[in-house]
Amino acid sequence: LKEAGCVSVSQFAKTHKLSSVFSERLLRGAISDGRIDASIQDGVLYTAAFVASQRRKMLCSLLACATPTSVSAIAKSRDIMPALTQRAADEAMSMCGLSGVGRIEGGMY
């Protein structure tokens with residue numbers, strides 16, 4: 001998990017020969033107890049460091065935009081996980097007060 005930064009709950013369950021429901025409950029408990037510094041979104045466990053890295057990539061990319069740009073194109077060119085694209089963009093914008101189109105609208109910044 002530390003190396004990859006993310007793992008699907010189903011893959012975690014398969015690796016440890018557990019059910020997906022039990023694995024997700026186990027992981028959520030570990031997160032809430034502070035034993036794992038991570039979050040679960042759409043069935044995928046992401047470390048806090050990985051999410052921060054994705055946010056930094058998105059922030060740098062948004063700051064470098066000189067023309068209206070598709071957020072999905074930014075994510076693809078910067079190797080940002082598709083599931084974290086919108087979250088990273090929203091957090092980057094609120095963190096630094098960026099104002100592209102007032103907000104990311106229709107997938108464009």
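Annotation: side chain to side chain donor-acceptor pair (under 3.5 Å) contacts of Ser61 (sequence neighbours excluded): Arg78. Applying the salt bridge (Lys or Arg N to Asp or Glu O under 4.0 Å) test to Arg28 and every residue at least two apart in sequence or in another chain returns Glu24. Judged as a side chain to side chain donor-acceptor pair (under 3.5 Å), and not counting sequence neighbours, Ser32 has no contacts. Partners of Ser8 by side chain to side chain donor-acceptor pair (under 3.5 Å), not counting sequence neighbours, listed by chain and number: Ser10.
Atom OG in Ser20 sits 10.0 Å away from atom CD in Gln11 (nearest 0.5 Å). Taking CD1 of Ile80 as the start and CD1 of Ile74 as the end, the distance is 7.5 Å to the nearest 0.5 Å.
Ile31 places a side-chain heavy atom less than 4.5 Å from the side chain of Leu45. Contact annotation: the side chain of Val9 approaches that of Leu27 to within less than 4.5 Å [non-hydrogen atoms, C-beta and beyond]. Looking only at side-chain heavy atoms (C-beta outward), Met81 and Thr85 stay at 4.5 Å or farther from each other.
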In sequence, state the C-alpha distance, the side-chain angles, and the governing distance for Met58 and Val71, and then conclude on side chain to side chain contact (heavy atoms under 4.5 Å, CB included). CA-CA 9 Å; Met58 182 59 78; Val71 174; 3.9 Å; yes
Give every donor-acceptor pair under 3.5 Å between a side-chain atom in residues 33-41 and any protein atom, sequence neighbours left out.
residue, atom, partner, partner atom, Å
Asp33, OD2, Arg35, NH2, 3.1
Gln41, OE1, Arg87, NH1, 2.9
Gln41, NE2, Ala83, O, 3.0

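Counting only residues at least two apart or in different chains, side-chain hydrogen bond (donor to acceptor under 3.5 Å, both in side chains) contacts with residues 43-60 comprise Arg55-Glu91. The list of ring-ring contact (aromatic ring centres under 6.0 Å, His included) pairs with a residue in residues 15-42, not counting sequence neighbours, reads Phe12-His16.
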